[in-house]
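Starting from 1, each residue takes its place in the sequence as its number. As a basis for the values below, the full set of heavy atoms in this structure was taken, side chains included, without hydrogen atoms, waters or symmetry mates.
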Amino acid sequence: MVKNYTDAQLLGRVRKLPGFIKIPDNYWILGVRSKADEFDKFDDKFYLFKGEEFIMVMSGTTNPGKSGLLDPAKYNASGVAVVVADKWYYNLWTRGLHKGKVIAYRQTGGVDLLRDNNKNQKSGDVGTSSVEYNRGINFHPSDYNLESKTKKTNIGAWSVGCQVVNDIPKYKELMNTTRLQSVMTYCLINEF
């Protein structure tokens with residue numbers, strides 16, 4: 001699991017990233033990818049900020065799970081999608097439904113992806129990077145039932161590129177808190 005950081009540490013880190021323009025005034029999500037990168041495990045964190053104000057933190061994954069890592073061609077001939085870390089993705093998502101089943105933030109902006117097809121059970125920084133649109137790199141929960149209290153530990157097919165929260169009550173709280181905001185900015189960093 002990703003270590004704990006202060007708000008100042010996180011904000012200081014994201015300000016130093018290439019492509020940094022400004023801290024958004026409204027709500028934005030910060031993903032922190034674990035150095036451990038445990039195979040098929042929810043071992044990352046997501047932070048919700050409003051401007052520079054920390055709102056909440058929850059567990060999840062920024063990596064694809066077993067399904068995509070072991071059978072990448074099933075999802076894309078070039079490999080399973082891995083979002084490039086240490087980057088800002090301003091206005092990446094728009095509020096909507098994931099697969100028509102659950103409220104989520106859906107990809108409407110461009111995202112830098114690596115295509116991993118080496119089947120080594122790690123979603124490392126391999127392959128070539130390209131900016132891709134309309135690939136369905138969404139922010140969603142690991143369950144379609146938002147009343148679920150089960151906290152999944154294995155990613156499985158819940159992510160083949162998506163950024164996925166496995167703490168459903170926290171996810172529901174985030175979606176409720178941001179309900180009046182239609183567009184969401186995302187920043188993804190590696191654990192430091």
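Residues Lys99 and Asn138 bring no donor and acceptor atom of their side chains to less than 3.5 Å of each other. Judged by distance alone, the side chains of Thr185 and Tyr27 never bring a donor and an acceptor atom under 3.5 Å apart. Using modelled atom types, one finds no donor on one side chain facing an acceptor on the other under 3.5 Å when comparing Asp167 with Ser59. For the residue pair Asn154 / Lys41, a side-chain donor-acceptor distance below 3.5 Å is found, with atom types taken as modelled. Donor-acceptor pairing under 3.5 Å is recorded for the side chains of Thr178 and Tyr105. Between Arg106 and Thr94, the side chains place no donor N or O within less than 3.5 Å of an acceptor N or O (distance only, hydrogens not considered). Side-chain polar atoms of Asn63 and Ser123 form a donor-acceptor pair below 3.5 angstrom.
Classification of the Trp28-Trp88 ring pair by plane angle, with boundaries at 30° and 60°, yields tilted. Using bins of under 30°, 30° to 60° and over 60° for the plane-to-plane angle, the ring pair His140/His98 lands in the parallel bin. Ring planes of Phe46 and Phe139: perpendicular class, angle over 60° (limits at 30 and 60°).
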Next on the checklist: Please determine whether side chain to side chain donor-acceptor pair (under 3.5 Å) holds for the pair Ser34 and Asp44, giving the CA-CA distance in whole Å, both sets of side-chain angles, and the decisive distance to 0.1 Å.
Outcome noted: CA-CA 5 Å; Ser34 167; Asp44 301 327; 4.6 Å; no
Next on the checklist: For a side chain to side chain contact (heavy atoms under 4.5 Å, CB included) check, start with the C-alpha distance between Ile155 and Asn166, then their side-chain angles and the critical distance, and finish with the verdict.
Outcome noted: CA-CA 9 Å; Ile155 302 164; Asn166 68 327; over 6 Å; no
Item to check | Stepwise side chain to side chain contact (heavy atoms under 4.5 Å, CB included) check, Leu30 with Ile189 | outcome: CA-CA 8 Å; Leu30 171 62; Ile189 61 173; 4.0 Å; yes
Checklist entry - Could you walk me through whether Arg135 and Asn76 pass the side chain to side chain contact (heavy atoms under 4.5 Å, CB included) check? => result CA-CA 10 Å; Arg135 290 297 184 186; Asn76 187 293; 4.1 Å; yes
Checklist entry - Could you go step by step and tell me if Lys35 and Asn190 meet the side chain to side chain contact (heavy atoms under 4.5 Å, CB included) rule? => result CA-CA 7 Å; Lys35 285 182 185 177; Asn190 286 310; over 6 Å; no
Checklist entry - So Ser67 and Tyr75, side chain to side chain donor-acceptor pair (under 3.5 Å) or not? Walk me through it. => result CA-CA 9 Å; Ser67 190; Tyr75 301 96; 2.5 Å; yes
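How far CZ of Phe192 is from NZ of Lys16: 8.5 Å, rounded to the nearest 0.5 Å. Within the model, atoms CG of Asp143 and NZ of Lys149 stand 11.0 Å from one another, a figure rounded to the nearest 0.5 Å.
Formation of a donor-acceptor pair under 3.5 Å by the Gln107 side chain with backbone atoms of Gly109 is found in this model. For Asp40 (side chain) and Gly156 (main-chain N/O), a donor-acceptor pair under 3.5 Å exists by modelled atom type. Formation of a donor-acceptor pair under 3.5 Å by the Arg33 side chain with backbone atoms of Asp43 is not found in this model. The closest donor-acceptor contact from the side chain of Lys122 to the backbone of Asp37 lies under 3.5 Å. A donor-acceptor pair under 3.5 Å links the side-chain atoms of Arg115 to the main chain of Gly79, judged by distance alone.
Residues satisfying the salt bridge (Lys or Arg N to Asp or Glu O under 4.0 Å) test with Asp86, not counting sequence neighbours, are Arg13.
A heavy-atom distance below 4.5 Å is found between the side chains of Leu146 and Ile168. Residues Arg15 and Ile23 meet the side-chain proximity criterion, which asks for heavy atoms closer than 4.5 Å. Side-chain atoms of Phe49 and Leu10, non-hydrogen and from C-beta on, do get closer than 4.5 Å to each other. Inter-residue side-chain proximity for Val82 and Leu113 is flagged as unmet; no heavy-atom pair is nearer than 4.5 Å.
Tyr47 and Leu188 fall into different hydrophobic clusters, where Ile, Leu, Val, Met, Phe, Trp and Tyr side chains are chained together by heavy-atom contacts under 4.5 Å. At a threshold of 4.5 Å between side-chain heavy atoms, the hydrophobic network of Ile, Leu, Val, Met, Phe, Trp and Tyr places Ile103 and Ile137 in one connected group.
Between Lys45 and Glu191, no side-chain nitrogen of the basic residue sits less than 4.0 Å from a carboxylate oxygen of the acidic one, so the salt-bridge criterion is not met. The pair Lys87-Asp112 counts as a salt bridge, with a side-chain nitrogen and a carboxylate oxygen less than 4.0 angstrom apart. Between Lys119 and Asp116, no side-chain nitrogen of the basic residue sits less than 4.0 Å from a carboxylate oxygen of the acidic one, so the salt-bridge criterion is not met.
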